[in-house]
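Encoded as structure tokens, the structure appears first; notes follow it.
Nothing here was measured: the structure is a model prediction, and the numbers come from that model. Each chain gets a letter, A, B and so on, in the order its sequence line appears, and its residues count up from 1.
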Protein chains: 4
Amino acid sequence: MSSFKERKIAKKKEEILRSAAAIFAEKGYHGTTMEEVAAKLLMTKGSMYYYFKNKDALLFHCHQMIMDKSIVTMEEIFNSPLTWTEKLTNAIKAHVQLATSEKSMFMVMDKPNQHFTDEYLQEILASRTKYAQYFDQILLEGIRSKEFQNIDVKMVRMIILGALNWIQEWYSPEGEKSGEEISEAFSAYLLKIVI
Amino acid sequence: MSSFKERKIAKKKEEILRSAAAIFAEKGYHGTTMEEVAAKLLMTKGSMYYYFKNKDALLFHCHQMIMDKSIVTMEEIFNSPLTWTEKLTNAIKAHVQLATSEKSMFMVMDKPNQHFTDEYLQEILASRTKYAQYFDQILLEGIRSKEFQNIDVKMVRMIILGALNWIQEWYSPEGEKSGEEISEAFSAYLLKIVI
Amino acid sequence: MSSFKERKIAKKKEEILRSAAAIFAEKGYHGTTMEEVAAKLLMTKGSMYYYFKNKDALLFHCHQMIMDKSIVTMEEIFNSPLTWTEKLTNAIKAHVQLATSEKSMFMVMDKPNQHFTDEYLQEILASRTKYAQYFDQILLEGIRSKEFQNIDVKMVRMIILGALNWIQEWYSPEGEKSGEEISEAFSAYLLKIVI
Amino acid sequence: MSSFKERKIAKKKEEILRSAAAIFAEKGYHGTTMEEVAAKLLMTKGSMYYYFKNKDALLFHCHQMIMDKSIVTMEEIFNSPLTWTEKLTNAIKAHVQLATSEKSMFMVMDKPNQHFTDEYLQEILASRTKYAQYFDQILLEGIRSKEFQNIDVKMVRMIILGALNWIQEWYSPEGEKSGEEISEAFSAYLLKIVI
DNA sequence: GATGAATGAGAGTTCATTCAT
DNA sequence: AATGAATGAACTCTCATTCAT
């Protein structure tokens with residue numbers, strides 16, 4: 001049970017993270033100054049340090065905020081009463097949806113080992129591995145159940161995740177394809193690999 | 001006909017670029033200092049500026065060195081007397097080969113609009129577009145000749161390039177899969193999308 | 001109505017400008033480092049950038065501080081109910097007084113087009129022109145009212161300003177002539193040109 | 001008796017000095033790089049060091065080249081069989097002529113104590129003093145012979161030299177007044193101070 | 001005589017971070 | 001809970017100078 005105060009702080013933190021993510025996405029981690037992040041929220045540089053202990057922490061929590069969301073969604077999909085084909089389809093669609101609706105957050109997730117040192121890096125990589133393993137699991141079970149062909153799971157997972165992670169680099173809300181259309185196309189085409 | 005001196009200087013420049021690319025790849029552009037790049041070559045910071053006018057130029061020429069190579073290879077493949085299926089296969093394989101053998105260079109190519117301002121950015125983007133268009137062309141002609149199914153060219157190209165560009169993030173020469181094996185797997189699986 | 005904080009910051013800025021001017025005057029703009037200016041005020045280099053965005057700005061504001069003072073004084077003299085002869089005398093005396101009491105500031109005003117680029121240069125030159133025009137105006141009105149002979153206004157103004165601007169190069173508070181004496185001599189001798 | 005070689009070197013040195021002076025005049029001493037000076041003469045930076053031991057020497061010899069000329073001219077005027085009034089007139093005219101025809105050289109002479117350290121500074125200041133003393137001498141003799149009024153020699157000399165040294169700051173060959181006209185005006189007006 | 005290449009000391013500037021208030 | 005001010009370490013870049021060839 002969180003107090004009103006705690007909830008207020010949590011809300012402020014998320015505000016900061018979203019703002020930071022947007023700028024990180026546009027200018028990159030190093031290209032972004034604490035001042036910019038603060039200014040966008042009508043705060044001062046100094047105040048940010050009340051909420052996050054340093055710039056690294058800002059990036060880290062951006063990472064985790066989106067990873068947590070992604071993993072929760074994946075869990076739901078994985079545990080749903082669907083065929084593996086359907087699960088893979090849904091996993092791909094869910095990723096596309098998030099990647100297009102939260103473009104900034106996703107861009108921030110790039111090249112973690114260039115930005116983090118040990119303390120945070122372990123956690124980040126753990127999240128990523130966990131996310132990747134859901135795909136592996138789905139592929140594996142799909143093969144076992146004869147829904148999928150006998151593919152090289154790791155290679156196919158890399159192809160799928162590569163295609164998905166590339167979306168942030170080219171997707172634009174003003175582009176010709178909507179997130180919905182991309183998710184349809186991606187799931188349809190990528191499924192052809194496994195079936 | 002280039003003089004001895006010109007060739008010598010060109011060689012030195014390439015040396016510098018390779019050295020720079022290796023560090024850029026490891027630590028990112030901003031995480032890399034001119035001093036580090038110089039030190040690795042037993043030079044001094046100041047000397048670097050004799051060969052490249054600034055840090056941006058270093059990154060830019062890394063970009064172009066690998067893009068030029070990639071595009072030349074693509075041209076050869078495109079103009080060869082093969083079926084479109086074979087051409088697509090070869091294009092994918094060639095990309096994997098380069099991406100794995102020149103991992104550092106490829107990593108450097110990431111997020112150009114975060115690192116460059118107008119003067120260089122235009123040229124970079126032009127190269128990328130040119131490279132992408134070879135894939136589009138192959139896909140288009142493959143469809144026209146009925147070798148490929150009636151796919152959405154842009155979406156499929158994005159999937160292919162996404163998968164290929166992701167390789168640098170996970171490939172390691174010490175990993176379980178060789179570049180050769182990856183190129184076989186990727187070409188085989190990606191071809192399933194179009195056929 | 002300026003707040004306490006605003007006045008405090010303004011005071012600090014003026015402190016910095018005076019300190020900077022003193023060193024600029026002694027060593028020249030390029031011969032002066034930001035570190036020296038800061039050190040003289042027991043600050044660090046970095047802190048200076050909190051008050052002035054760069055070295056240029058420091059010089060620019062030195063310029064404008066003294067030009068503003070000069071112009072205000074000239075305005076008063078120009079609008080006072082005196083004869084043109086008295087006005088010219090006072091203008092010369094006022095300049096000498098300022099040039100001798102604020103020697104450093106005046107030395108800094110030298111060769112603006114070597115130190116400034118467009119953004120600042122326009123403003124600097126505008127101030128200078130404005131100052132010069134007061135002399136022209138006085139000379140012109142003096143001629144019209146028959147107080148002065150029919151002289152070439154521009155040439156005489158150049159002689160007067162030249163003589164005045166040279167003072168900073170040789171005046172020393174420890175010298176044999178006081179500012180007061182110089183102002184008497186200069187006004188008396190220069191008046192002989194126009195009468 | 002100088003050999004052919006020596007004369008060739010001397011000629012090259014003067015070429016360099018003129019070129020250097022032009023750039024110094026435009027950009028200031030610190031704003032000028034050895035490279036620029038060299039480039040203007042189609043030389044390389046390194047070659048300059050064959051003729052002048054360093055940048056300071058370049059500036060110093062610019063100084064002395066023009067001071068030598070000025071002093072020789074003054075000597076001639078001083079020793080000519082003319083009245084003191086005529087001598088002063090000629091001295092002023094000669095200075096204006098040189099200042100307008102060799103604008104760059106004259107600009108370079110500015111603020112010697114900011115650019116030189118002991119070795120050169122003494123010599124520079126000696127030249128300047130010598131030049132100034134010719135004016136003092138003329139004024140003094142003019143007073144003694146009752147041609148001039150009983151003026152304060154130092155003050156008047158400062159006015160004259162100030163007016164003359166200011167010319168470089170505003171004179172332009174494309175301006176409305178020719179060097180000839182300026183010399184007429186300046187000598188006429190400045191004479192009014194002493195007579 | 002000339003130069004290409006290298007050097008190294010130092011400059012201006014930026015910015016994450018701290019902390020008294 | 002917020003902030004203004006200060007800091008200092010790091011970084012990019014410049015340039016006079018040197019010297020082997």
Fill in the blank from the handout: When Thr44(B) and Ser47(C) are each assigned the nearest nucleotide of DNA chain E, the 5'-most assignment goes to Thr44(B)

Practice task
Could you tell me from which nucleotide to which nucleotide of DNA chain F, 5' to 3', there is an atom under 4.0 Å from chain B heavy atoms?
Solution key: dC11(F) to dT14(F)

Contact between [X] and [Y] at the side-chain level, heavy atoms closer than 4.5 Å - yes or no?
X: Met107(D); Y: Glu169(D); answer: yes
X: Val37(D); Y: Lys40(D); answer: no
X: Phe106(C); Y: Cys62(C); answer: no
X: Met109(A); Y: Arg128(A); answer: yes
X: Lys111(B); Y: Asp110(A); answer: yes
X: Leu121(A); Y: Thr117(A); answer: no
X: Lys69(D); Y: Met105(D); answer: no

Exercise for the section: Could I get the full list of side-chain hydrogen bond (donor to acceptor under 3.5 Å, both in side chains) partners for Ser104(A), not counting sequence neighbours? Expected result: none

With sequence neighbours left out, write down each residue that passes side-chain contact (heavy atoms from CB on, under 4.5 Å) with [X], or none if nothing qualifies.
X: Thr33(C); answer: Glu35(C), Glu36(C)
X: Glu123(A); answer: Phe60(A), Gln64(A)
X: Lys55(A); answer: Phe24(A), Tyr29(A), Met34(A)

Problem - Residue pair Phe116(D), His63(D): steps toward the ring-ring contact (aromatic ring centres under 6.0 Å, His included) verdict - result: CA-CA 11 Å; Phe116(D) 294 116; His63(D) 252 98; 5.3 Å; yes

Exercise for the section: Check each residue of residues 109-124 of chain D for a non-hydrogen atom within less than 4.0 Å of any atom in DNA chain F, then write out the ones that pass by number, or none. Expected result: none

Fill in the blank from the handout: Ordered by number, residues from residues 22-32 of chain C within less than 4.0 Å of DNA chain F (heavy atoms) are none

Practice task
Quick one: label Thr33(A) by what it contacts on the DNA or RNA (base, sugar-phosphate, nothing), any heavy atom closer than 4.0 Å.
Solution key: sugar-phosphate

Exercise for the section: Remember a base hit wins even if backbone is also touched, and classify Lys8(B) as base, sugar-phosphate or nothing at under 4.0 Å, heavy atoms. Expected result: nothing

Completion exercise
Expected list for residues 48-59 of chain A near DNA chain E, using heavy atoms below 4.0 Å, is Tyr49(A), Asn54(A), Lys55(A)

Completion exercise
Here the distance between atom C1' of dT13(E) and atom CD of Glu35(C), to the nearest Å, is 12 Å

Practice task
In whole angstrom, give the distance that lies between atom CD1 of Ile9(B) and atom C1' of dT3(E).
Solution key: 13 Å

Practice task
Please list, chain by chain and in numerical order, all residues satisfying salt bridge (charged side-chain N to carboxylate O under 4.0 Å, His left out) with Lys53(B), sequence neighbours excluded.
Solution key: none

Problem - Pairing pattern in dot-bracket form [Watson-Crick, G-U; both distances under 3.5 Å; | = partner strand] for DNA chain E - result: .||||||||||||||||||||

Return a table of donor-acceptor pairs under 3.5 angstrom between the side chains of residues 11-23 of chain D and protein atoms on other chains or two or more places apart.
from, atom 1, to, atom 2, distance (Å)
Glu14(D), OE2, Arg18(D), NH1, 3.2
Arg18(D), NH2, Glu102(D), OE1, 2.5
Arg18(D), NH2, Glu102(D), OE2, 3.1

Completion exercise
Nearest-nucleotide check on DNA chain F, Gly46(C) vs Lys45(B); residue mapping nearer the 5' end is Gly46(C)

Exercise for the section: For residues 33-55 of chain B, pull every pair meeting ring-ring contact (aromatic ring centres under 6.0 Å, His included), keeping only residues two or more places apart or in separate chains. Expected result: Phe52(B)-His61(B)

Problem - Verdict with reasoning, His115(A) to His30(A), per side-chain contact (heavy atoms from CB on, under 4.5 Å) - result: CA-CA 9 Å; His115(A) 300 310; His30(A) 282 102; 4.3 Å; yes

